[in-house]
Number of protein chains: 2
Amino acid sequence: MMRKILLDEDEIPRRWYNILADLPGSLDPMLNPQTYEPTELPPFLFASELNRQEFSTDRWIDIPEEVLEVYRIWRPTPLYRAKKLEEALKTPAKIYYKWEGVSPPGSHKPNTAVAQAYYNMKEGIERLTTETGAGQWGSALAFATKLFDLECMVYMVRVSYDQKPYRRVLMEAWGAEVVPSPSNRTKTGQKYLEEDPDSPGSLGVAISEAVEDAATNDNTHYTLGSVLNHVILHQTIMGLEAKRQFEMIDTYPDAIYGCVGGGSNFSGGAFPFLGDKLRGERKELEVVACEPTACPTLTKGIYAYDFGDSVGLAPIVKMYTLGHDFIPPKIHAGGLRYHGDAPALCRLVNDGYIRAEAYHQTDVFEAAVLFARTEGFVIAPETAHALKGVVDEAIRCRESGEEKTIFFLNSGHGHFDLSSYAAYFEGKLVDYEYPAELVKRALENLPKVGV
Amino acid sequence: MMRKILLDEDEIPRRWYNILADLPGSLDPMLNPQTYEPTELPPFLFASELNRQEFSTDRWIDIPEEVLEVYRIWRPTPLYRAKKLEEALKTPAKIYYKWEGVSPPGSHKPNTAVAQAYYNMKEGIERLTTETGAGQWGSALAFATKLFDLECMVYMVRVSYDQKPYRRVLMEAWGAEVVPSPSNRTKTGQKYLEEDPDSPGSLGVAISEAVEDAATNDNTHYTLGSVLNHVILHQTIMGLEAKRQFEMIDTYPDAIYGCVGGGSNFSGGAFPFLGDKLRGERKELEVVACEPTACPTLTKGIYAYDFGDSVGLAPIVKMYTLGHDFIPPKIHAGGLRYHGDAPALCRLVNDGYIRAEAYHQTDVFEAAVLFARTEGFVIAPETAHALKGVVDEAIRCRESGEEKTIFFLNSGHGHFDLSSYAAYFEGKLVDYEYPAELVKRALENLPKVGV
């Protein structure tokens, strides 16, 4: 039996899919964080082509040949049939997964990092900045910038910088400059360091530093690894490849599962399929967004206008949110600790096209260990949230006898997350309940937008 | 331009290639470490099918379907054209590499671990033991045993156990039991712990513990990850796939480079090509074994009978050796710190079919960083020795104008070696000269075999 459905390099899709073309009605406008007026992406921070893509309603957007050439380092990625997992679960369901762990940085993140680096290079930008927490996005940007001869500046939250030295070294291996945030490089950083020279930093401060750096240095732009429309657009390469792979075996999934942090992995995998449903070409398709109980944006948040970042510098968008100053408990899936989600994804949840489920981290790691012991790959804790959803569904199928075809986004390996696996084995993982009181307070601070 | 030459799953070779069929004359016999008489592999330690393969002179040995089924998790592996590296080196040479980093444990090691686990399972064995230093082999065996429902017991040198907790957690994720060696589990371990409760351990002690465990427990066998003929046999899957991939582009390499620790990666990649030369089917083929200056077995050792292990428990074989009690300096390529090399490989070096080169580790890491910044992948320090040889050859081609086709074995990723990359970036890597005096003393302790 074939385990993998493979495409040749010349079968990589040559266009990204833009779901804005198929949404019922247009997205609510992005607003300026000071004036609350409709805005575009600030041109001193983003390449004009990325701004164009952010608001385009063209269904298809061509992938430049130079981007395809870099994609070919690891793309097309394999679509796997998880036969051993099915056997272990004694389920009649057929489980497939798209494996993005083969990319050099080890996740789906370079799908957009490469495109962003390319467009900035084309527009004469010589240096890109970003923030990183656990380091996945920073690694992807370091990898991508080096291949287009751009400099890369990563502000890494100090507590991660100290605790995750290997992610930092990985970025340095690709030539990026990595500094702990708060740093002396920016006025924001200096201010925080004056208040507390030992400040552990936060993602909010690191974002502010990366933005200030880009705004105040020549030929420098800022980059984001999730949430924005153009990021999701680039990620659709995954779903488009998967569609071709399913066509090769005359199959179409009945259900799609993905984990959601900011939404780029989930949307990139699911939107090309969801588009079929939005256009009325398919009727039945279950799409399930999997998130942590500790940061339950889609299952417990409200659908409202909120700041994209925790300090109120980023544009205001309509999304499910737990409040921009909500700080979730420190679960091991660091990539899923975001207060909001991508606007297009939120809209489709609100319209009933996507269902959301939340899981406790011990259950998530239990699924991850089962996966390692059946399918062989040790996957990232973020990714394992999608897997937990799949395992539950496969067990439901065992009980009902349904032979569903389940597809999930296996977004990355867990080679830099083994301390979290160790915590699981040692029984040290804490399951956080939904922090209702914290969320209630955070939701009181939403911007008062009269829309 | 295509970056990767891919095979379909049904193009995985169905037979391993055994170079013993094509060696000029037979290998010198393996000797019992006590009696110095010719011996087979001890049946209380090894499956009978592995013993049969160890001494078989059949050119082709069928790969069981159950082994192929597991291979399909990550095989066939891609053959890459390193176009970006060529451009950076401004060389007219064409550089190709076989990328084994896509396997779940991240190296070529599971090619034999899976086969060894399978044959042992077939013969009723329920538990396998082994030793591990840096953890590559232990990880591969943990992965393989779990897929055949065997228990796995890994004796991990205590200093590695303490310093490399993530490799240990990886093995545990696949269900292996990992104990620091010396341990209380064996008489050998107890003896060392009595002498020094804080003993850092050594590979020699760990081997003794793993062997004693297998010898004294029911349904338990011992496993080795390199050196032996059956190990190399299983690794030829790499070279056989590569031959098919080169055929797809009507190419045959002019030169093959691989790193050599015990010889399994190098031999597995090069032997299927070398066989063509041994049978007279090809005339020109340069084959280069790359090793560290600090442990220069092939470039500075002598060709003689010596113990396979450092304590004199393992069989005696004819090989290049630095003396079985030679302890090499602590270079970062831990997998290349072995005093001897696989007998068939040594024989081919002695007969002039293979050339050997030795490199300093700072030069090796310089090549590895160049590779990360051109081809994208961060590779293991062991592997980077082969790369260093390739870079030197490509530069020679730039000077001579030769358009050589160079093929190298890219045996694994460096995700668990980033502390070594950090040491390189911080200028902390030491280049050890050839330890002539130490080797001279070690060579005085060779077994006095009258052959």
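Reminder, nothing fancy here: chain letters follow the sequence lines and each chain counts from 1.
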Undergrad: Side chain, backbone, both or neither: which part of A:Leu6 has a non-hydrogen atom closer than 4.5 Å to chain B?
TA: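 Just the side chain, heavy atoms under 4.5 Å.
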
Undergrad: Can you tell which part of A:Leu7 gets under 4.5 Å to a heavy atom of chain B, answering side chain, backbone, both or neither?
TA: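 Looking at A:Leu7, just its backbone touches chain B.
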
Undergrad: Check A:Glu9 against B:Arg3 and note the closest heavy-atom contact, atom names and distance.
TA: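 Looks like OE1-N, 2.8 Å.
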
Undergrad: Are the side chain of A:Arg72 and the backbone of B:Lys4 linked by a donor-acceptor contact shorter than 3.5 Å?
TA: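 Checking the backbone N and O of B:Lys4 against the side chain of A:Arg72, no donor-acceptor pair under 3.5 Å is found.
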
Undergrad: So if I take each residue of residues 365-378 of chain A and look for any heavy atom under 4.5 Å from a heavy atom in chain B, which residues do I end up with?
TA: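 From residues 365-378 of chain A, the residues near chain B are A:Val369, A:Ala372, A:Arg373, A:Thr374, A:Glu375, A:Gly376, A:Phe377, A:Val378.
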
Undergrad: How long is the straight-line distance from CD of B:Glu172 back to CG of A:Leu418, given to the nearest 0.5 Å?
TA: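 Between A:Leu418 CG and B:Glu172 CD, I get 10.0 Å after rounding to 0.5 Å.
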
Undergrad: What residues form a salt bridge (charged side-chain N to carboxylate O under 4.0 Å, His left out) with A:Glu247, not counting sequence neighbours?
TA: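 Here no residue qualifies.
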
Undergrad: Return the option, out of A:Tyr424, A:Trp99, A:Phe416, with the maximum number of heavy-atom pairs under 4.5 Å with chain B.
TA: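 Option with the top pair count is A:Phe416.
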
Undergrad: Taking B:Leu68, B:Ile73, B:Val102, B:Asp8 one by one, which has the highest count of heavy-atom pairs under 4.5 Å against chain A?
TA: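 The candidate making the most pairs under 4.5 Å is B:Ile73.
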
Undergrad: Where the side chain of A:Tyr421 meets the backbone of B:Tyr166, is there a donor-acceptor pair that is under 3.5 Å apart?
TA: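 Flag not set: sc A:Tyr421 to bb B:Tyr166 has no pair under 3.5 Å.
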
Undergrad: Supply the atom-to-atom distance B:Glu69 CD to A:Met2 CE, rounded to the nearest 0.5 angstrom.
TA: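 Output value for this atom pair is 13.0 Å.
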
Undergrad: Please classify the contact of A:Tyr80 with chain B as side chain, backbone, both or neither, using a heavy-atom distance under 4.5 Å.
TA: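 Only the side chain of A:Tyr80 comes within 4.5 Å of chain B.
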
